Number of protein chains: 2
Amino acid sequence: MDNLLKYIHSLTLFSEESWELLQPALSKKQYKKNEFLLHEGQICNSLFYIDSGYCKSYYEIDGVKKNTAFFFENDIATNINSFGSGEKSEFNIIACEPLTAIIFDKQKLFEAAKQTNEIEALGRNCIRLFASKQEEFSTLFKLYSAQERLNYLEVNHPDMVQRVSLSQLASFLGVARETLSRIRKRRTAV
Amino acid sequence: MDNLLKYIHSLTLFSEESWELLQPALSKKQYKKNEFLLHEGQICNSLFYIDSGYCKSYYEIDGVKKNTAFFFENDIATNINSFGSGEKSEFNIIACEPLTAIIFDKQKLFEAAKQTNEIEALGRNCIRLFASKQEEFSTLFKLYSAQERLNYLEVNHPDMVQRVSLSQLASFLGVARETLSRIRKRRTAV
DNA sequence: ATAATTTTGTGACGATTGTCACAGGATTAG
DNA sequence: CTAATCCTGTGACAATCGTCACAAAATTAT
């Protein structure tokens, strides 16, 4: 739980008492590679703090998998829409490596948040960070070409480019695997 | 303020007392067409509830304006990253029509939220909705081609397609104006 | 009402991308 | 270690898209 506590302190003021009150809402879980954190059709009642390993979210449309996000250590993974509205998830979240997550249970988190303002603020900050991240990647597509998007990732998220395979990254960047391979070739040639 | 109150009630439980407590954080403002709600370089200390009219967010890169979002009646417009972190905004929000907004002041909203859980829940819900919307549009680019994206907007956001001019919409969809014109031609021909 | 400005449509052409196909390299399982 | 599987690179070709240019249409200002 050390990483999580550091993460929380980086976000907001958090007393030891709040930390104690938060405990009932938390549970640690190990996932094998290719194990689902969230399955299409499920309702998402959790925030997944990624302690080690990484996972991705993807839609499956006509049998084709399309990656929409990657979540690494110190990220919160969730389906924010399903989590908030109680609707079924339209996408999957799956471990790409052996993964350890600390799971925030929605119901228990809300109960804990009633008891102290700090937990409430934590929840709000997590959602806000999540929204910022979505905004960042959403913007990428409107501002930049495929080549510039790769460039952006290499500068701003080098870990992603290093850890995620080309095929998987291509899907996230919204281009064909072959295209990304050629973009990379063009770039390194320059 | 009628519209806002309805909007709030659609989101969360809200007593008359909370409504009273919220008032100091609210102010109504009229914007002319092409007036800025938020300017690049400013820190965003507001949530803008759009009462009437609509606005857009856009980046200006090398003199070229790129639209990243449109906000219509009953939407909340803001720079969620700047609002949360206090960093300067990298983009603008500008009225596309004469516009009436009800502005939530960050500082006063936080003070009000300390007094009642309902206001706190309202703030959280606004941010969550905002995150959902970002996620929705972010996903569009990873799942669909330009033509399919237009299709999606026509089905799921017909108001946007109707009210926003082709050139402006093209920028939002990440394609050239000419391309969108041709896509539309192709589609109506079928 | 008229002029000025903005928006849209379209042709031409080169650049980029998607798709199919296949081969070589890397990784994983047994 | 060997076989099977997955991942990556590349050629060919068609489809799509961006850019430039200009004219027509629509909107706005005077």
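All values reported here derive from a predicted model rather than from experimental measurement. By convention in this document, chain letters (A, B, ...) are assigned in the order of the sequence lines, proteins followed by strands, and residues within each chain are numbered from 1.
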Whole-Å distance separating the [atom1] atom of [X] from the [atom2] atom of [N]:
| X | N | atom1 | atom2 | value |
| --- | --- | --- | --- | --- |
| B:Tyr144 | C:dT17 | OH | P | 22 Å |
| B:Lys185 | D:dC17 | NZ | C1' | 15 Å |
| B:Phe141 | C:dT17 | CZ | C1' | 17 Å |
| B:Leu166 | D:dA25 | CG | P | 17 Å |
| A:Leu180 | C:dT17 | CG | P | 10 Å |
| B:Gln147 | D:dT16 | CD | P | 8 Å |
| A:Asn34 | D:dT5 | CG | P | 16 Å |
| B:Lys33 | D:dA29 | NZ | C1' | 12 Å |

Sole candidate of B:Arg186, B:Arg184, B:Arg182 that passes side-chain hydrogen bond (donor to acceptor under 3.5 Å, both in side chains) when paired with B:Gln147: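 Answer after filtering B:Arg186, B:Arg184, B:Arg182: B:Arg186.
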
Closest listed nucleotide, where the reference is the side chain of B:Ile183 and the choices are D:dT19, D:dC17, D:dC7: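 Of the options given, the side chain of B:Ile183 lies nearest D:dC17.
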
Please pick, from C:dG11, C:dT17, D:dG11, the nucleotide with the shortest atom-to-atom distance to any side-chain atom of B:Arg182.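 Nucleotide nearest to B:Arg182's side chain: C:dG11.
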
Think [X] has a side-chain N or O under 4.0 angstrom from the OP1 or OP2 of [N]?
| X | N | answer |
| --- | --- | --- |
| B:Ser145 | D:dT16 | no |
| B:Ser181 | C:dT8 | no |
| B:Thr179 | D:dG18 | yes |
| A:Arg186 | C:dT17 | yes |
| A:Arg184 | D:dG9 | yes |
| A:Ser165 | D:dC6 | no |

Can you tell me whether the side chain of A:Arg177 and the base of D:dG9 have a donor-acceptor pair closer than 3.5 Å?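 Per atom types, the contact qualifies.
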
Quick one: does A:Gln168 reach the base of D:dC7 with a side-chain donor-acceptor pair under 3.5 Å?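 No, the side chain and the base share no sub-3.5 Å donor-acceptor pair.
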
Salt-bridge test for B:Arg163 and B:Glu73: reply yes if a basic N is under 4.0 Å from a carboxylate O, no otherwise.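 B:Glu73 and B:Arg163: salt-bridged.
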
Taking the six-membered ring for Trp, are the ring centroids of B:Phe172 and B:Phe70 within less than 6.0 Å of each other?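 Yes - the distance between ring centres of B:Phe172 and B:Phe70 falls below the 6.0 Å cut-off.
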
Proximity of B:Phe48 and B:Phe71 rings by center, below 6.0 Å: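 Between B:Phe48 and B:Phe71, the centre distance exceeds or equals 6.0 Å.
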
Establish, yes or no, whether the cationic atom of B:Lys142 lies under 6.0 Å from the six-membered ring centre of A:Tyr59 and within 45° of the ring axis.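 No, B:Lys142 does not lie over the aromatic ring of A:Tyr59.
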
